[in-house]
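One structure below.
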Amino acid sequence: MSDRTLFDLAFYLAAPFWALLILAPGRRWTDRIAASPLPMVPVIAVYLALAVPVFPHLWAAVSSPDLAGFQELMALDGGAGAIWAQVIAWDLFLGQWMYREARTLGIHPLAMGPLLLLTVLLSPIGVLLFVVLRGGLRMRERRLAARGEPALG
């Protein structure tokens, strides 16, 4: 399989799970999938297929990180794909965590859908917004508990 095909495959393997998290929240099978590490396994397999051939360069880039080393890695066949597959797997892990946290906190799916979509596209921004929302909800819960009022949500 070509590096280009593997690059594309990383996203296509994760996309159905993202679709479930965003479009079918609260379904029993969505909740079970969100609680499982298994959705990441195929993406990690793609990562390994791309990373193993460039491993010496990958190791050099991550063990002593500098911009030039990452630029060299990204220029290699498979280097950019390996980094891409790693990002896709990590983003899926973050999305599953956000989904489970949102369910626990009672965050409405209409609020979570856009946050999860943003996380697919620009994970640092999506995760940051979620963490701020989560912190605000937890702070509100603590204030309500301190006053002896029931939690909302």
Side-chain angles (χ1 to χ4, degrees), residues 6-52 54-55 58-67 69-71 73-74 78-153:
L6 289 168
F7 179 92
D8 293 340
L9 188 59
F11 175 77
Y12 292 123
L13 288 170
F17 300 109
W18 279 107
L20 284 175
L21 298 176
I22 295 168
L23 301 174
R27 303 284 195 278
R28 183 177 22 195
W29 34 271
T30 303
D31 290 346
R32 285 198 335 236
I33 287 169
S36 172
L38 294 179
M40 290 177 285
V41 171
V43 181
I44 293 169
V46 170
Y47 164 77
L48 291 171
L50 288 162
V52 168
V54 297
F55 188 76
L58 177 62
W59 181 253
V62 299
S63 64
S64 182
D66 68 66
L67 184 57
F70 273 95
Q71 287 171 328
L73 174 64
M74 297 296 273
I83 297 300
W84 175 249
Q86 180 176 333
V87 168
I88 295 295
W90 179 247
D91 287 353
L92 185 54
F93 175 79
L94 289 171
Q96 288 178 277
W97 170 75
M98 289 168 58
Y99 175 89
R100 291 189 313 271
E101 283 289 300
R103 300 283 296 150
T104 300
L105 294 169
I107 300 172
H108 197 278
L110 290 177
M112 278 310 297
L115 282 175
L116 288 168
L117 183 59
L118 187 57
T119 302
V120 171
L121 301 173
L122 299 166
S123 60
I125 297 169
V127 171
L128 176 63
L129 291 174
F130 178 74
V131 168
V132 168
L133 174 62
R134 179 177 173 253
L137 290 172
R138 287 188 163 180
M139 197 178 327
R140 182 188 76 184
E141 295 287 324
R142 285 192 294 274
R143 279 197 310 266
L144 290 171
R147 292 192 304 223
E149 297 179 29
L152 302 174

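Within the structure, side chain to side chain donor-acceptor pair (under 3.5 Å) pairs that include any residue of residues 104-114 do not occur (at least two apart or interchain).
Applying the side-chain hydrogen bond (donor to acceptor under 3.5 Å, both in side chains) test to Arg142 and every residue at least two apart in sequence or in another chain returns nothing. With sequence neighbours excluded, no residue satisfies salt bridge (charged side-chain N to carboxylate O under 4.0 Å, His left out) with Arg100. Ser123 is linked by a side-chain hydrogen bond (donor to acceptor under 3.5 Å, both in side chains) to Asp91, counting only residues two or more places apart in sequence or in another chain. Looking at residues two or more places apart in sequence or on another chain, you find no side-chain hydrogen bond (donor to acceptor under 3.5 Å, both in side chains) involving Arg143. Scanning for salt bridge (charged side-chain N to carboxylate O under 4.0 Å, His left out) contacts around Arg27 gives an empty result, with sequence neighbours left out. Arg32 pairs by the salt bridge (charged side-chain N to carboxylate O under 4.0 Å, His left out) definition with nothing, not counting sequence neighbours. For Tyr99, the side-chain hydrogen bond (donor to acceptor under 3.5 Å, both in side chains) partners are Asp31, not counting sequence neighbours. By the ring pair (Phe, Tyr, Trp, His ring centres under 6.0 Å) test, Trp18 is found to be paired with no residue, residues two or more places apart in sequence or in another chain being considered. The ring pair (Phe, Tyr, Trp, His ring centres under 6.0 Å) check on Phe17 picks up nothing, with sequence neighbours excluded. Partners of Phe130 according to the ring pair (Phe, Tyr, Trp, His ring centres under 6.0 Å) rule, which considers only residues two or more places apart in sequence or in another chain, are Trp97. Not a single ring pair (Phe, Tyr, Trp, His ring centres under 6.0 Å) links Tyr12 to another residue, sequence neighbours left out.
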- Task: Take Leu116 and Val120 through the side-chain contact (heavy atoms from CB on, under 4.5 Å) test and state the conclusion after the steps.
- Result: CA-CA 6 Å; Leu116 288 168; Val120 171; 5.7 Å; no
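Here the shortest heavy-atom pairing between Ala61 and Leu73 reads CB-CD2, 4.1 Å.
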